[in-house]
Amino acid sequence: MHYGRFFVTTAIDYVNSKPHIGHAYEKIAADIVARYWRSQGSEVFFLTGTDEHGMKVAQAAKKMEIEPKVFADNIVAKYKEAWASLEIGYDNFIRTTDPHHEEFVKNFLQKLYDNGEIYKDKYQGLYCVGCEEYKQPDDLEEGKICPNHKTECQMVEEEIYFFKLSKYQKQIMEAIQGKDIIIEPENRRNEIFQFLAREPLKDLAISRSKVEWGIQVPWDKSQTIYVWVDALLNYISGGKGFWPPQLQLIGKDIFRFHAIIWPAMLLAAGYELPEKLFIHGFLTVDGQKMSKTIGNVIDPIEVSKIYGADVLRYFLFREAPFGQDGNFSVDRFEGRYQADLANDLGNLFQRVLVMAQKFEIKWEYQKSANTYEAYHEAMQNLRFHEALNLIWVIVSGLNQKIDVEKPWDLAKNDTAKLDNLLKEILTNLADIAILLDPFMPIVSAKMTDQLKTGKPEPLFPRKK
Ligand code: MSP
């Protein structure tokens with residue numbers, strides 16, 4: 001598979017609180033993809049950013065008694081710091097408060113309005129601020145409680161604007177069936193398809209009369225645009241002409257917005273659909289949802305300060321298959337750090353370089369002729385966990401080889417064999433550095449450097 005250009009997007013994060021490792025998980029995944037395709041020669045554009053309007057952010061700012069934009073500025077700085085500390089190399093960071101974005105959203109909506117895709121009507125319903133979504137009574141628990149946020153939904157009654165979502169039902173189903181939009185993993189595709197086959201879509205409320213913190217409806221200044229409509233459009237406004245994307249990465253909680261509302265908006269305005277929508281799972285901490293109340297929110301900046309960005313990047317994608325839920329626990333994290341990284345890879349690398357130096361092996365940095373097809377297959381299909389497993393099969397193989405062939409004995413009785421053995425292992429290590437690069441860019445660069453200079457230094461120095 002080859003792409004001339006590869007446009008990858010992530011969900012844009014709400015700025016009601018600072019980033020945690022769940023947000024980081026998705027952005028690292030996108031960064032792995034971006035680095036992988038860059039290494040394959042594609043022109044990559046990686047878009048991420050922040051979702052800043054709506055009640056959720058307005059309420060968080062109000063609590064601190066500051067203006068929403070000032071509040072957002074502070075959180076955005078934290079996001080940017082976190083992504084830098086994790087080596088997340090996006091090409092654009094869009095904020096939905098960027099004037100360019102706001103202008104784009106207004107124009108987009110005006111166009112739909114002019115084309116008769118939007119009408120005004122009365123609305124009465126229950127709104128969950130946490131989800132920024134109107135809920136059906138059937139979806140709620142006793143006492144109008146949102147099952148995701150465990151908070152009571154608010155009854156909202158207003159005259160607002162609706163988008164004719166219902167008329168796109170058939171077209172969306174056809175697009176999913178015909179793979180005009182590929183939805184992965186397969187179980188998610190089936191889930192959404194069955195949902196569409198079962199439930200008639202209702203038109204979508206796309207404005208709010210009582211929410212001030214938002215983009216104004218261009219033809220009716222008394223209303224603001226529904227935050228989800230505003231947010232989804234970042235993918236075009238922030239894409240610098242790259243639309244349509246080859247891949248949109250999102251979490252399972254926001255699947256329906258992306259598999260139904262988003263394609264309908266695109267179809268209505270005459271845009272191409274994204275090539276692929278990939279839905280990842282949720283990261284828990286010690287098996288529990290991260291929450292301030294439980295006090296188990298893990299700050300990615302803290303983890304990377306102690307272990308370095310690469311260790312977290314490795315752990316998150318080695319532990320669980322991408323697409324399924326994953327779990328973070330300090331024990332597992334420490335365990336993998338010691339076993340897989342410091343011992344299996346770090347010691348191997350160090351031992352081999354020390355021997356190469358000691359036995360004066362004349363080896364020049366080189367890639368092998370191996371094609372690693374299974375690795376590429378896994379990477380191109382976002383099976384990161386499999387790709388990492390394959391790399392560690394090579395690592396284990398090399399460790400075994402050293403145990404069996406005993407280079408220290410060879411040094412005494414068969415130097416020609418020793419020379420061949422170490423050259424072969426060095427070449428394999430050069431390959432491993434390349435294969436690891438999307439996941440562990442710093443470690444990979446250190447490996448390549450040391451293979452060129454021949455000077456061994458620990459890859460995973462003991463943490464401070
Ligand atoms: N602002 C919306 C997205 C708009 S996209 C047009 C939003 N923001 S969010 O901050 O709540 O979540 C951003 C992304 O992070 C989502 O894809 C969400 O699924 C993901 N995650 C949030 N918590 C997560 C975990 N605990 N684990 C994995 N991903 C998580 O939704």
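Here the structure is a predicted model, which is why all the values come from computation and not from measurement. Order of appearance sets the numbers: ligands from 1, and atoms from 1 within every ligand.
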Test item: His376 and Tyr36 side chains (from C-beta on) under 4.5 Å apart, heavy atoms: yes
Nearest-neighbour protein heavy atom for atom 15 (O) of ligand 1, which is reported as residue plus atom name and distance: His23 CD2, 3.7 Å
Close aromatic pair by centroid cut-off 6.0 Å: Phe242 and Phe6: no
Those atoms of ligand 1 less than 4.0 Å from some heavy atom in Gly281: 28 (C)
Heavy atoms from other residues, nucleotides or ligands near CE of Met173 exceed 12 (cutoff 6.0 Å): yes
Donor-acceptor under 3.5 Å (Asn381 side chain, Arg383 main chain): no
Identity and distance of the protein heavy atom lying nearest atom 3 (C) of ligand 1: Ile12 O, 3.2 Å
Within-shell test, Phe257 vs ligand 1, heavy atom, strictly < 4.0 Å: no
Contact check, Gly326 vs ligand 1, heavy-atom distance below 4.0 Å: no
Under 3.5 Å donor-acceptor, Asp325 side chain and Leu283 backbone: no
Sole candidate of Tyr113, Tyr168, Tyr226 that passes side chain to side chain contact (heavy atoms under 4.5 Å, CB included) when paired with Phe163: Tyr168
Geometric N/O contact Asp51 with ligand 1, under 3.5 angstrom: yes
Carboxylate-amine/guanidinium contact Glu319 Arg332, below 4.0 Å: yes
Min N/O separation Glu26 to ligand 1 under 3.5 Å: yes
Minimum heavy-atom distance between Cys128 and Lys135, given as atom pair plus value: CB-CE, 4.0 Å
Closest protein heavy atom (residue, atom, distance) for atom 23 (N) of ligand 1: His20 CE1, 3.5 Å
Atoms in ligand 1 flagged as close to Ala11, the criterion being non-hydrogen separation under 4.0 Å: 5 (S), 14 (C), 16 (C), 17 (O)
Centroid-centroid distance, Phe317 to Phe439, less than 6.0 Å: no
Contact check, Trp228 vs ligand 1, heavy-atom distance below 4.0 Å: yes
Contact with ligand 1 for Glu132, non-hydrogen, under 4.0 angstrom: no
Contact atoms of ligand 1, heavy-atom distance to Ala231 under 4.0 Å: 6 (C)
Pairs meeting criterion ring-ring contact (aromatic ring centres under 6.0 Å, His included) with involvement of residues 172-214, two or more places apart: His53-Trp213
N/O separation below 3.5 Å, Asp253 to ligand 1: yes
Thr50, Thr96, Leu283, Leu232: member with heavy atom nearest to atom 26 (N) of ligand 1: Leu283
Sub-3.5 Å N/O-N/O distance, Gly251 and ligand 1: yes
Interfacing atoms of ligand 1 (cut-off 4.0 Å, heavy-atom, Met290): 26 (N)
Pairs flagged by salt bridge (charged side-chain N to carboxylate O under 4.0 Å, His left out) wherever residues 227-243 is involved - sequence neighbours left out: none
contact_flag Lys289 ligand 1 heavy-atom lt 4.0 Å: no
Salt-bridge contact Glu52-Arg95 (side-chain N to carboxylate O under 4.0 Å): yes
Atoms in ligand 1 flagged as close to Asp13, the criterion being non-hydrogen separation under 4.0 Å: 8 (N), 10 (O), 12 (O), 13 (C), 14 (C), 15 (O)
Ile254, any N or O under 3.5 Å of ligand 1 N or O: no
Shortest protein heavy-atom distance from atom 10 (O) of ligand 1, along with the residue and atom involved: Tyr14 N, 3.1 Å
Whether Phe162 and Tyr123 hold their rings parallel, tilted or perpendicular, with breakpoints at 30° and 60°: tilted
Heavy atom of the protein closest to atom 5 (S) of ligand 1 (residue, atom name, distance): Tyr235 OH, 3.4 Å
